[in-house]
Amino acid sequence: MGKPLWEPSQARIAGANVTAFARAAIREWGLKFNTYPDFYRWTVECPEQFWLSLWEYAGVKASARGEHVLLDGERMPGAQWFPEARLNFAENLLRRRDRADAMVFWGEDKVEQRLSHAQLYADVSRLSQALRAAGVQAGDRVVGYMPNLPQTIMAMLAAASIGAIWSSCSPDFGVQGVLDRFGQIEPKVLFVADGYWYNGKAIATLERVADIARRLPTLARVVVVPYLSGSADISGVPNALRMAEFIAPYAARDIAFAQLPFNHPLYIMYSSGTTGVPKCIVHGAGGTLLQHLKEHQLHSDVKPGDRLFYFTTCGWMMWNWLASGLASGATLLLYDGSPFIRRGAILFDFAEAERMTHLGTSAKFIDAICKIKLKPHKTHNLTKLRAILSTGSPLAPESFDYVYRDIKADLCLSSISGGTDIVSCFVLGSPVLPVYRGEIQCRGLGMKVEVYDEHGRPVQGKKGELVCTRPFPSMPIGFWNDADGKRYHEAYFAKYPNVWCHGDYVELTERGGMIIYGRSDAVLNPGGVRIGTAEIYRQVEQLDEVLESLVIGQEWNKDVRVVLFVKLREGLTLNDALIEKIKSRIRDNTTPRHVPAKVLQVADIPRTKSGKIVELAVRNVVHGEAVKNAEALANPEALAYYENRVELQS
């Protein structure tokens, strides 16, 4: 089975939130279990007991909870959670009004801001009044084209306090990418900044903002947050006011939080959009709140006063996840810009300076700082750091080694995975379980996650489809402009009726952990053998010469052959010796079926705005098919490196 890389101490287990929660549930419901697997089983087999206990443990603020926890619990979709409840999402995040830090912001090494809970509440109060005066009502859309600033979270909370629906894009999106998203949902108010910093450079955005505003006819107001400069000219932006002017007429007062149904829409989020116009996924306030409270408190052990960080933009669901940390009494540490300022050390500078307890980032960042041999345990005081969280792509086993060797030996390394589709996770970490190399610790509590083989049968210790076989509160309400629910059903329930099929190719281990091998739609199939792309990436990207890679299946001679693209270190050129080294590494550590038929060098790897590589777009290019929405990519110009490659013609 292998030894764990880390095990929690008895003191840590005893002091964990999840331990206190489990003990309270055992007393409340007269339960008999005393092992974690039995605890997990109770959460999925008795969902009404579990989610009610979580509501009480987390202290959900609501004007009414109602008698019923779950109606139509066998229907998916169609189950109804807390159907009589009335609550407000923003009220739950603004429960503190003291002078302790609510948010601390670093904009690279250029800008710092600090905001107390009292200041946050006051500013949200003024913003909420200003939005109401601008005509915003429950159900209206308020959107942000913003960096990861404190003001972005303020705007979201002000919108949610009214019952308006929040949606956001990061400011590196081009005009068409923004219109593809916001144009579908017809927003009433747009929050923007005058620009942002990236890699030490100031990037102004008001010209783009003006173009966007002119092409969104439903906008009544554009609110501009000064970031690069306090004196940027906003005269070219229709209906624009600076934030200070927008809230100037209003004094802070108690916020009139609208009490709304559990499933009242809170967020509209977007699919990546690389296969067409992005799908608009609508998430409800109650489900998002409960799920995030569970993941923060029970899985991440976030306690009041903890200092929670995730490296994210406002176009990625991890921003929404991070914002909910306020509901658990945490301080949010916000960063915007490149994580490679100061040669990759700036996030650890932030961690040391602000006594960070939870550091969230991407698997790619961990791999990148490993390759440049960063050793934070030698250069930074990380005494307060208890957990590192990683998502965006599977975390390679070697990255687990790196974290414990070169960042910190005593912490919970939580690889997590879920998605925009559920604004949360299916599999994630636990502060009371050991960490094994290359393995996600556990399935989400209350989430009946299983693995189906090709015949739709549950399996363990074998690769298959990640599915969830019972309803959970953070399932989307539906898709925007999908009145009959057809597109929603096709996205998740078409393959297995009444079962959520997530599209990940995975394995459930004998320990109850999870290994992710890649997206199901990117799985390679040479000779009829299914191969997860992550199996190849894990080998190739351990080579010093290789910075990144991307693998696809190319249709060839009535079969599929594996084609590997590699981005090499600066100054290196792919030659026969390196190709053989790559192939040998793959052959020796996987199987001959994994060895690519072709290995080609490229100058860049195309990726989405949230940093995920796009195998499907490259596969389309290689096969001469159109990429339907290249605007959704962070670097669409990179697709040119894959077009008409003569090496793929033979």
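A salt bridge is defined here as a Lys NZ or Arg NE, NH1 or NH2 lying under 4.0 Å from an Asp or Glu carboxylate O, and Arg645 with Glu647 meets this definition. Look at Arg437 and Glu398 and you find a salt bridge, because one of the NZ, NE, NH1 or NH2 atoms lies within 4.0 Å of a carboxylate O, short of that distance. Taking a cutoff of 4.0 Å between a charged side-chain nitrogen and a carboxylate oxygen, Asp544 and Lys371 do not qualify as a salt bridge.
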Exercise for review: Go through the steps to decide whether Lys303 and Asp301 satisfy the test salt bridge (charged side-chain N to carboxylate O under 4.0 Å, His left out), and finish with yes or no.
Suggested key: CA-CA 6 Å; Lys303 302 173 187 292; Asp301 207 33; 3.6 Å; yes
Exercise for review: Please test Phe350 against Leu334 for side-chain contact (heavy atoms from CB on, under 4.5 Å), starting from the C-alpha separation and ending with a verdict.
Suggested key: CA-CA 10 Å; Phe350 198 10; Leu334 309 179; 5.9 Å; no
**Study point:** Derivation of the side-chain contact (heavy atoms from CB on, under 4.5 Å) call for Arg181 and Phe173
**Key:** CA-CA 10 Å; Arg181 289 157 175 79; Phe173 274 70; 3.3 Å; yes
**Study point:** Full working for side-chain contact (heavy atoms from CB on, under 4.5 Å) between Tyr404 and Leu411
**Key:** CA-CA 8 Å; Tyr404 284 110; Leu411 53 70; 4.1 Å; yes
Exercise for review: Could you check Thr590 against Gln539 for side-chain hydrogen bond (donor to acceptor under 3.5 Å, both in side chains), going step by step and ending with a plain yes or no?
Suggested key: CA-CA 8 Å; Thr590 56; Gln539 302 308 320; over 6 Å; no
Review point. Run the side-chain hydrogen bond (donor to acceptor under 3.5 Å, both in side chains) check on Tyr270 and Ser167 step by step: do they pass?
Key: CA-CA 9 Å; Tyr270 306 96; Ser167 190; 2.6 Å; yes
**Study point:** Worked verdict on Val551 versus Val562 for side-chain contact (heavy atoms from CB on, under 4.5 Å)
**Key:** CA-CA 7 Å; Val551 65; Val562 178; 3.5 Å; yes
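Residues Ser328 and Gln297 bring a donor and an acceptor atom of their side chains to less than 3.5 Å of each other.
The two residues Val621 and Glu643 have their closest heavy-atom pair at CG1-CG, 3.3 Å. Minimum heavy-atom separation, Val540 to Val566: CG1-CG1, 4.1 Å. Nearest heavy-atom pair, Val302 versus Ala330, reported as atom, atom and distance to 0.1 Å: CG1-CB, 3.8 Å. For Cys425 against Ile422, the heavy-atom pair with the smallest separation is C-CD1, 3.7 Å. What you find for Leu543 and Lys581 is that their closest heavy atoms are CD2-CE, 3.9 Å. Pairing each heavy atom of Cys442 with each of Ser430, the nearest pair is SG-CB, 3.9 Å.
Using cut-offs of 30° and 60° for the angle between ring planes, the Trp316 and Tyr310 rings count as perpendicular. Between Phe565 and Tyr642, the angle of the ring planes goes over 60°, which puts this pair in the perpendicular group of the 30/60° scheme. Between Tyr335 and Phe311, the ring planes lie tilted relative to each other; the angle falls in the 30° to 60° range.
Lys201 NZ: 12 or fewer foreign heavy atoms inside a 6.0 Å radius. Counted within 6.0 Å of CG on Asp576, heavy atoms from surrounding residues, nucleotides or ligands total 12 or fewer; the atom is thus considered open. Within a 6.0 Å radius of CD in Glu545, more than 12 heavy atoms belonging to other residues, nucleotides or ligands are found. Around CG of Asp588, the count of heavy atoms belonging to other residues, nucleotides or ligands within 6.0 Å exceeds 12.
Looking at Lys384 and Arg307, their side chains never come closer than 4.5 Å, going by heavy atoms from C-beta outward. Within the 4.5 Å cutoff, the side chain of Ser393 has no heavy atoms near those of the Ile613 side chain. Taking 4.5 Å as the limit, some side-chain heavy atom of Val546 sits within range of a side-chain heavy atom of Leu568.
Counting only distance, with no hydrogens or angles, the side chain of Asn635 and the backbone of Arg607 share a donor-acceptor pair below 3.5 Å. The backbone N or O of Leu326 sits nowhere less than 3.5 Å from a side-chain atom of His296 that would complete a donor-acceptor pair. Formation of a donor-acceptor pair under 3.5 Å by the Ser300 side chain with backbone atoms of Glu295 is found in this model. Between the Glu615 side chain and the Leu550 main chain, no donor and acceptor come within less than 3.5 Å of each other. Thr152 contributes a side-chain N or O that, together with a main-chain N or O of Pro147, makes up a donor-acceptor pair within less than 3.5 Å. Side chain of Gln601 to backbone of Leu574: a donor-acceptor contact under 3.5 angstrom is found.
Residue Phe340 is tested with Phe365, Tyr198, Phe348 for a ring pair (Phe, Tyr, Trp, His ring centres under 6.0 Å); the sole match is Phe365. Applying side chain to side chain contact (heavy atoms under 4.5 Å, CB included) to Val222 and the options Ile212, Leu206, Val209 leaves one that passes, Val209.
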